[in-house]
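Everything on this sheet refers to the single structure shown next.
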Amino acid sequence: MEIIIVDNSDQVSTTAADVIAAHAELGHTLGLATGSTPEGTYRELIHRYRHGDLSFNRCTAFLLDEYVGLPKDHEQTYYCTIRRQLTSHIDIADERVHSPDGTAAHPGEAAEEYERLIARSGGIDVQILGIGTDGHIGFNEPTSSLASRTRIKTLHPDTVRDNARFFEGDESRVPHHVITQGIGTILDSRHLVMIATGESKAHAVRAMVEGPVSAMCPASALQLHQHVTVILDRAAVAELSNVDYYTYAFSHKPQWQGF
Ligand code: PGA
């Protein structure tokens, strides 16, 4: 796990955009996350596309997760959110932007079909991830199996509370079920890019980086992956013990190694 510590959330966004841009230039399959944290990265990628520095026209994209039961055109579906935040502003073909079908009559079958679709397309080259305050990745809440595949999950009440801000603060409007890539699915991506900002994430970041691998912190499963880039701002590293070492290691990284 490579830990990159930068001064602020803007630098997190530009650093994450550097990593994603390198994959996009190769026409790679991108795993996209929704939520507040990646928004700055997406703005930066759009900026680079508009200035002619970057194209996504050979890319395919897969979302991590989707609410169950919201109509597809509801502004808070992740289908709509990712189009609003990124994909409708860049040159990726809309039909190549995939997400789990939260409107399916049989969401369990839709989850399995999504898993097959990812496999048929050759897997995900780079997966962007945020972390929940409880350590979740995707919507894999604490105690999710570290071997889990795409499936239906019930949201933890803390996550419902966290996400109520997208539903005018009304928890009763937040769907309680989601389809999410499993932790095993996420670990199959060839490169994981985790971004976290702000002191509200500091506790979860510590459990992810320095805690034991445990289903109580789903993000700690990243310790099992051979290619993880973690990009953090100063506030998010407040509880880490080995900041000096991570900073030293990154500043001595050979240039040829890339991300
Ligand atoms: P956030 O969510 O980026 O909105 O903080 C992260 C997550 O829950 O994965």
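Start at 1 with the first residue, then count along the sequence. One-based numbering, in listed order, for ligands and for the atoms of each.
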Look at atom 5 (O) of ligand 1 and say which protein heavy atom is nearest, naming residue and atom and giving the distance to 0.1 Å.
-> Lys201 NZ, 2.6 Å
Sub-4.0 Å atoms of ligand 1 with respect to non-hydrogen atoms of Gly130 | 9 (O)
Purely on distance, is any nitrogen or oxygen of Thr34 under 3.5 Å from one on ligand 1?
-> no
Go through ligand 1 atom by atom and flag the ones less than 4.0 Å from a non-hydrogen atom of Arg165.
-> 4 (O)
Would you sort out whether His136 and Asp134 count as a side-chain hydrogen bond (donor to acceptor under 3.5 Å, both in side chains), showing the intermediate values?
-> CA-CA 6 Å; His136 71 224; Asp134 61 0; 3.0 Å; yes
Identity and distance of the protein heavy atom lying nearest atom 6 (C) of ligand 1 = Ile131 O, 3.5 Å
Residues Glu168, Arg173: salt bridge by 4.0 Å N-O rule = yes
Report yes if the distance between the aromatic ring centroids of Phe167 and Tyr67 is under 6.0 Å, otherwise no.
-> yes
Mode of Thr159 contact toward ligand 1 - side chain, backbone, both, neither (heavy atoms, under 4.0 Å) | neither
Yes or no on side-chain hydrogen bond (donor to acceptor under 3.5 Å, both in side chains) for Gln85 and Thr34, after CA distance, side-chain angles and deciding distance?
-> CA-CA 8 Å; Gln85 290 184 342; Thr34 45; over 6 Å; no
Aromatic Tyr79 / basic Arg83 pairing, under 6.0 angstrom, 45° off normal | yes
Pairing of Glu66 and Lys72 as salt bridge, 4.0 angstrom limit | no
For atom 3 (O) of ligand 1, closest protein heavy-atom neighbour | Thr37 OG1, 2.5 Å
For atom 7 (C) of ligand 1, closest protein heavy-atom neighbour | His136 NE2, 3.4 Å
